[in-house]
Amino acid sequence: MKLWNKGFEPDKAIEKFTVGQDRELDLRLAKYDVQGSMAHIRMLESIGLLSKEELELLLPALQQILEEIERGEFSIEEGVEDVHSQVEFILTDRLGDVGKKIHSGRSRNDQVLVDLKLFFRDELKHISESIQNLFNRLIELSEKHKDKLMPGYTHLQVAMPSSFGLWFGAYAEALTDDMNMVVAAYNIANQNPLGSAAGYGSSFPLNREMTTDLLHFANPHYNVVAAQMSRGKTERAVAAAIGTVASTLGHLAMDVCMWMCNNFAFVSFPDELTTGSSIMPHKKNPDVFEIMRGKCNRLQSIQNEIALLTANLPLGYNRDLQLMKDILFPASTELIECLDMATYMLGEIRVKDNILEDSKYDYIFTVEDVNRLVLEGMPFRDAYKKIGMEVQTGTYKPHRGVNHTHLGSIGNLANDRIKAKMDSIMSYLKT
Ligand code: ARG
């Protein structure tokens, strides 16, 4: 059964190939499809393309379908191409010919676009909530462990004192940059394509401002060709947002794997959050963070997939665009799962005390000792040379009693400022 039925039966193999994963993936668009149709028919009635009586029949029927979707009672039947066709078939089945009237001035091209924009808006909000939860956990851990020093590394060589306060707080602040990208993707998604029809508009006097207001979009895509072009552009922005969050999370996962390594043993987790080996009885492995690292690395590749899929497509709708759903729908779910898992795991993290008391970290205090001499009046270059010579001749001993670290960056985590920054970025998502 096809919306475009012209009296011939389509070839089954062609149908299977072209429908692809749509029957399953489009289920996630179903509620937005109905919401889009409700706005569209209200607008059609306002310009005289539907009567008041017809609207009063159609709206409750669409509302009923919406409730069925919410109860999980909606599916896309065998032989039906996509969600757009399914909703219209149900409507026509229940109401007769009036169901066929809802598609005036619309094409599946702007219909799927509006569904996707509404879907991405919600999905980006979910992502932002998961980011916010992880952010809160990181800030809480940064405060809790602010006095616990750890080695800072450059070139993977011990460098200068750092702290768990700085480490946790660093990832919290990195997430504020990622949140900016989520907000940017949200703003790109938050524009109404409805009324652009197949991509070149309609000769009906469609009121595009009205559907923009009804669907709470910031504005319409004014140019109907640009509206169609936004399929691909929106996905690129969403993929970039997912990729940048994944890069932060993948980096964090790598740090945890390393700090859990027995040679560091800076952090640990309760046994039940680790995994074992089938041959080595002593193993407590960080599989959670390894899977997270792998998933996050993979999530960074979707930007390339989307870019290649859409590169140099001819202007206007092309069916290639459908394939972006296969990439982005599971990616956004996977990102949310990774974020939530990180929040869950970090809730149980145990941080080792007194790490820097081990003599293998003695040299980490050389800069501290240079700074101490500078504060006592010695020129920096002389102080540097004096401590350098002590290291060279093996006579260097760190002045552990005098701990200047708390005067500088370690003592000034600025978590309140970081929180205020996150709040201000998040406020753009509250529409
Ligand atoms: N499943 C299609 C997609 O996601 C829906 C739009 C179909 N439009 C068309 N002209 N064949 O792109």
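Indexing begins at 1, ligand by ligand and atom by atom, following the structure's order.
- Residue Lys325 places a heavy atom under 4.0 Å from ligand 1.
- The proximity of Asp26 to ligand 1, defined as any non-hydrogen pair under 4.0 Å, does not occur for either the backbone or the side chain.
- By the 4.0 Å N-to-carboxylate-O rule, Glu45 lies too far from Arg42 to be salt-bridged with it.
- The shell of residues lying under 4.0 angstrom from ligand 1, judged by heavy atoms, excludes Leu321.
- If you check which protein heavy atom lies closest to atom 10 (N) of ligand 1, you get Asn109 OD1, 3.1 Å.
- The shortest N or O to N or O distance between Arg319 and ligand 1 is not below 3.5 Å.
- Taking the centre of each ring, Tyr428 and Tyr186 stay at or above the 6.0 Å mark.
- At most 12 non-hydrogen atoms from other residues, nucleotides or ligands lie less than 6.0 angstrom from CD of Glu24.
- With Lys325 as the fixed residue, the salt bridge (charged side-chain N to carboxylate O under 4.0 Å, His left out) test singles out one of Asp82, Asp22, Asp320: Asp22.
- With salt bridges taken as basic N to acidic carboxylate O contacts below 4.0 Å, one links Arg23 and Glu15.
- Note on Lys100 versus Asp97: salt bridge recorded, some NZ/NE/NH1/NH2 to OD/OE distance being below 4.0 Å.
- Counting heavy atoms closer than 4.0 Å to ligand 1, residue Asp22 contributes side-chain atoms (C-beta onward) but none from N, CA, C or O.
- Taking any N or O of Tyr317, backbone or side chain, at least one lies under 3.5 Å from an N or O belonging to ligand 1.
- For Arg231, every heavy-atom contact with ligand 1 shorter than 4.0 Å involves the side chain, none the backbone.
- Here is the list of ligand 1 atoms found below 4.0 Å of a heavy atom in Val112: 4 (O).
- Under the 4.0 Å criterion applied to side-chain N and carboxylate O atoms, Arg94 and Glu68 are assigned as salt-bridge partners.
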